[in-house]
Amino acid sequence: MRHLITLDDLSNFEIRQIFRLADQMRTNLATWSGFCQGKLLATLFYEPSTRTRLSFESAMERLNGRTLGFADPHAASVAKGETIADTARMVTNYADLIVVRHSFAGAARVMARYANIPVINGGDGSHAHPTQALTDLYTVMARKGDVKGLTVGICGDLLYGRAAHSFALAVARFGGNLVHIAPQVFQMPDWVLTQIKHLYRQVPQETSHLAHVIGELDVIYVNRLQEERLPADVDPETARSSYLVNADVMRDAKSDAMIMHPLPRVNELSYELDEDPRAAYFEQSANAIPMRMALIASLTGLEELILTQPPAREVSVGGTQCGNPNCVTTFESYLEPEIETHVGEESIDSCAYCGQSYPNTTSFEE
Ligand code: NCD
């Protein structure tokens with residue numbers, strides 16, 4: 001049984017296999033339509049969502065499977081104090097697959113530990129959003145052939161944006177060159193930079209102004225400001241002004257650049273670009289369906305064909321408590337600290353739940 005909690009749960013080969021399957025599903029849906037007949041997908045959404053939940057539900061229904069779940073945690077037992085572990089044990093009896101979104105970093109990993117069925121992370125706090133990153137990578141590969149060698153600018157709230165974290169790690173892993181564009185206080189957090197540097201041997205270029213680098217970019221990946229996670233003293237309009245993407249800014253961009261956005265957009269990406277052939281954000285949200293269909297099929301029946309060998313992970317239990325106040329281990333007291341050693345060109349340690357570096361040398365800003 002396999003889970004998808006971060007992209008580290010899949011090898012590059014497996015990711016390409018899932019993309020190949022998504023291609024087939026996109027072009028020949030009828031062949032696959034009965035694939036999940038009699039299977040149930042539980043969508044447990046403790047945080048708001050439009051695209052992720054609906055596209056998972058649509059993907060499951062297109063495979064003739066069925067869905068159950070909640071989108072309002074106030075209506076679920078968590079409102080009575082139920083732990084993630086107990087909810088996971090319960091849902092194991094009700095479904096064949098879980099997609100979970102939660103505001104705690106690492107919540108999906110807890111679900112995976114206690115559920116006896118595959119778990120997909122639909123976004124956990126400011127940590128990761130692996131299925132969005134798969135959709136994004138798939139969209140870049142579909143338009144550009146490959147990510148390798150492309151210059152990919154990621155702009156917006158890089159500090160709190162989980163889609164930005166997972167996409168940056170995916171781009172570095174597949175050989176793209178990263179440019180991080182954000183006001184200094186919203187720059188990419190250290191734990192993501194540490195992984196990019198030590199595992200993929202890259203030091204991304206950083207700038208506060210999109211205008212300074214726009215002409216170099218093959219991909220312009222815009223993110224909204226995560227206002228629900230912002231400290232109260234930050235003015236959103238001022239923060240947004242340095243990476244606003246509009247027709248004026250795009251005049252200096254490459255003629256074949258791609259404009260991407262995980263959506264929803266909130267004043268950082270102008271509607272005047274929607275008809276621009278470089279706009280790829282609606283294509284991105286459309287690609288979410290075949291990609292999520294392929295992922296569901298890979299986890300619930302095609303494991304042996306599509307998923308070969310899980311990447312080796314080294315995790316040790318015990319030790320110092322993670323210092324990230326938004327880490328699930330801070331909230332769910334039955335969890336012991338777990339430290340993952342990533343073995344790349346150089347080994348690095350991080351909290352296995354929320355990804356923050358160990359030992360922690362910076363202040364936590366989540
Ligand atoms: C993203 C998310 O929830 O992290 N949305 C999505 O899933 N497409 C991005 C965001 O909310 O900004």
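Atoms within each ligand, like the ligands themselves, are counted from 1 in listed order.
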Tyr353 six-ring face occupied by Arg113 cation (under 6.0 Å, within 45°): no
Verdict with reasoning, Asn287 to Glu283, per side-chain hydrogen bond (donor to acceptor under 3.5 Å, both in side chains): CA-CA 6 Å; Asn287 283 340; Glu283 198 171 299; 5.0 Å; no
Ser55 versus Arg292, side-chain donor and acceptor atoms under 3.5 Å: yes
Close-contact set for ligand 1 against Pro262 heavy atoms, below 4.0 Å: 8 (N)
Option of least heavy-atom distance to atom 3 (O) of ligand 1 (set: His261, Gln284, Arg162): Arg162
Heteroatom distance test (Pro264, ligand 1): nitrogen or oxygen, under 3.5 angstrom: no
Among Leu169, Thr194, Ile348, the one residue meeting side chain to side chain contact (heavy atoms under 4.5 Å, CB included) with Leu199: Ile348
Side chain to side chain contact (heavy atoms under 4.5 Å, CB included) between Thr139 and Met260, worked out: CA-CA 9 Å; Thr139 305; Met260 300 179 70; 4.1 Å; yes
Check: Gln24/Thr31 side-chain N/O donor and acceptor closer than 3.5 Å: no
The one among Glu227, Arg51, His129 that brings a heavy atom closest to atom 7 (O) of ligand 1: His129
Ligand 1 contact by Thr52, heavy-atom criterion under 4.0 angstrom: yes
Heavy atom of the protein closest to atom 9 (C) of ligand 1 (residue, atom name, distance): Leu263 O, 3.8 Å
Residue portion contacting ligand 1 (non-hydrogen atoms closer than 4.0 Å) for Gln226: side chain
